[in-house]
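Chain A is the first sequence line, chain B the second, and so forth, proteins listed ahead of strands; every chain is numbered from 1.
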2 protein chains.
Amino acid sequence: MADWDAVRFFLELARAKTLARAARRLRVDYTTVGRRVSAFERELGAKLFERTPDGFVLTDAGESIRAAAEQMEQSAVDVEQRALGADRRLSGTVRVAAAESAGHAVVLPAMRDLHQRHPEIRLHLQTGLARLDIARREADLALRFAPPESGDLRIRRLTSMGFALYASEDYLARHRPPAPGAGFAGHDAVLFDEGFRGAPAFASLTDSLRDARAAVRANSMLSLVEAVANGLGVGALTCCLGDADPRLRRVFPDLPVQRVDLWLVVHADVQRTGRIRALIAALEARCRKAAAVLRG
Amino acid sequence: MADWDAVRFFLELARAKTLARAARRLRVDYTTVGRRVSAFERELGAKLFERTPDGFVLTDAGESIRAAAEQMEQSAVDVEQRALGADRRLSGTVRVAAAESAGHAVVLPAMRDLHQRHPEIRLHLQTGLARLDIARREADLALRFAPPESGDLRIRRLTSMGFALYASEDYLARHRPPAPGAGFAGHDAVLFDEGFRGAPAFASLTDSLRDARAAVRANSMLSLVEAVANGLGVGALTCCLGDADPRLRRVFPDLPVQRVDLWLVVHADVQRTGRIRALIAALEARCRKAAAVLRG
DNA sequence: TGGAGACCATGCAATCCTGCATGGCATGGC
DNA sequence: GCCATGCCATGCAGGATTGCATGGTCTCCA
């Protein structure tokens, strides 16, 4: 094959179905995707895609090379992983995928310590619940509230984080104080946009807000805190965040907090990479030192 | 990984050990190989090669990605093969015009490989020097020792084939050994009926037989080989044929063989049809694999 | 010892590729 | 109907990549 890179374009187009979407994921212009895929078809002498009204659909020929192409992708990832594993330098970028609360409470403080010793290590923190694929190397490291099981991933428990319901002082003054377990009918809720799927402990916390009206939905933790702090409603926050903000009060100060385990996920091959090892060590140190705060 | 194609360069350099050799195999300038491999190293953040006096040697990091890179290569081959296999037109007859020696040494072995994968492809091999007109579609493909220039034909060099003078052991025992360049007066020659017009290197070989008596003339290579093997005279044969027959000996074993380039000629617009592409690929694979044998 | 041959680094010019812009074509909401 | 949105084809200009040329190092061999 003249140009292996064409397979990368082929695969992405097969997944994205349109030139435009594939181009965005590949970070090139869509004309480039079209041209390279056409060239690939010409080279192979086979029509790989049917141009239908709803996008590019694989032909039989395209379908029949898909598996091999994915195999190739897997090997490409392997190449990358092993190269990364061989890299002992304490410099370069580490990409971390984490829930925003974990990013705030764990990753950034850990990074601050790490930066003192190794200023060459850069962090690319991708918060949000969108599950970046560690296996496909969309991130080097992930912090998750629910551990995935799969293949070559190394998983370890970092800490457990406390969550509780918070409201602003004046919100609590203006509303009839809720009773534990009695529901929040008549209350306003500040909700995270996407649910923390797969974290049962956390689910039980948000479930208790079910009866409340959703006054605010946001997909940014900062907005969430501000919403609660501004008296817009009751919200579930990590204790790190809630306790640190003087404007916030726990709704049930006497109840124990909800604990959710935080898991570190990393690909087996990159565990030896210098900068990644260093960051993992910093994360663990941070979790040890701040265990009390994190657990609430 | 930003550019999968870099892996192809990496692998080739790992095998070839020098930029120059790798570049020749990849059909690019060696500066390109150097630059792309360097870029790859930069991207991975790992030094893959040690630049030693005797070429590029894999570092530990390079060694550790080699297996995955080879895996990737295997998948690339799979992609290609399935694309070929998926083309529904991979059946029917391909008509090939070739000199008998090329047919024997290249076309038939290539066809054997091809037949494993695509048993529905049939070959119609028309040997002989009569120039079938590709342009007029008297054949789909031609293998020639002299490239025609004309219009819509696609021409590429397949390999170079070695020719040498052969005789049987007992013929050599019975005759005064000829001296290189001194002519063959008093010898018997086994000649191909029609001359290889247009292949100067070959002409020089047969020219040296000018002084010999023509003991046998034949227009079949099989007859030619048999004639030489039976001690009827000295004949110019491809090294493939001559070296493979235990009854034959090179007349001048110490002289380098005469090399004649073998050209593949195909009409531009049939280049894309599946069965023809498949055969071309098989021909090229055969020439690559058997290059040493073909060159003598 | 010196010259040929093989190899590699670097500067520069031509080429190829990419991205942008325009325009055409669908779909869907108002 | 009409506009907004999303998609793709094609022409064109800028820029990245390539190949070539020069110059240097090393080895081998006469």
Calculate the interatomic distance between [X] atom [atom1] and [N] atom [atom2]; express it in whole Å.
X: A:Phe56; N: D:dG6; atom1: CZ; atom2: P; answer: 18 Å
X: A:Asp3; N: C:dC16; atom1: CG; atom2: P; answer: 16 Å
X: A:Arg51; N: C:dC25; atom1: CZ; atom2: P; answer: 19 Å
X: B:Leu26; N: D:dT17; atom1: CG; atom2: C1'; answer: 16 Å
X: A:Phe40; N: C:dC17; atom1: CZ; atom2: C1'; answer: 18 Å
X: B:Arg24; N: C:dA6; atom1: CZ; atom2: P; answer: 8 Å
X: B:Asp5; N: C:dC17; atom1: CG; atom2: P; answer: 12 Å

Next on the checklist: On the nucleotide D:dT18, are OP1 or OP2 found under 4.0 Å from the side-chain N or O atoms that B:Thr32 carries?
Outcome noted: no
Checklist entry - Under 4.0 angstrom, heavy atoms only, what part of the nucleic acid is A:Thr18 near: base, sugar-phosphate, or nothing? => result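 Since only primed, P, OP1 and OP2 atoms lie under 4.0 Å of A:Thr18, the category is sugar-phosphate.
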Checklist entry - Counting any heavy atom closer than 4.0 Å, what does B:Arg36 reach on the DNA or RNA strands: base, sugar-phosphate only, or nothing? => result sugar-phosphate
Next on the checklist: Checking B:Thr159 now: which residues fulfil side-chain contact (heavy atoms from CB on, under 4.5 Å) with it, not counting sequence neighbours?
Outcome noted: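 Testing B:Thr159 for side-chain contact (heavy atoms from CB on, under 4.5 Å), a comparison that skips the adjacent residues, returns B:Met161, B:Leu262, B:Cys287, B:Leu294.
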Can you tell which of [options] lies closest to the side chain of [X]?
X: A:Leu19; options: D:dC8, C:dG19, C:dC12; answer: D:dC8
X: B:Arg35; options: C:dG19, D:dT18, C:dC8; answer: D:dT18
X: B:Asp29; options: C:dG19, C:dC7, D:dG19; answer: D:dG19

Item to check | Donor-acceptor pair under 3.5 Å, A:Arg21 side chain vs D:dG6 base | outcome: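 Per atom types, no contact qualifies.
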Next on the checklist: So for A:Tyr30 and D:dA9, does any side-chain atom that can act as donor or acceptor lie under 3.5 Å from a complementary atom in the base?
Outcome noted: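 By the distance-only test, yes, there is a pair.
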Item to check | Between B:Thr31 and B:Arg35, a side-chain donor and acceptor under 3.5 Å | outcome: yes
Less than 4.0 angstrom from a charged side-chain N to a carboxylate O is my criterion; do [X] and [Y] meet it?
X: B:Glu284; Y: B:Arg288; answer: no
X: B:Asp243; Y: B:Arg250; answer: yes
X: B:Arg66; Y: B:Glu70; answer: yes

Next on the checklist: Let's test this: given Watson-Crick or G-U wobble pairing with both distances under 3.5 Å, identify the partner of C:dA9.
Outcome noted: D:dT22
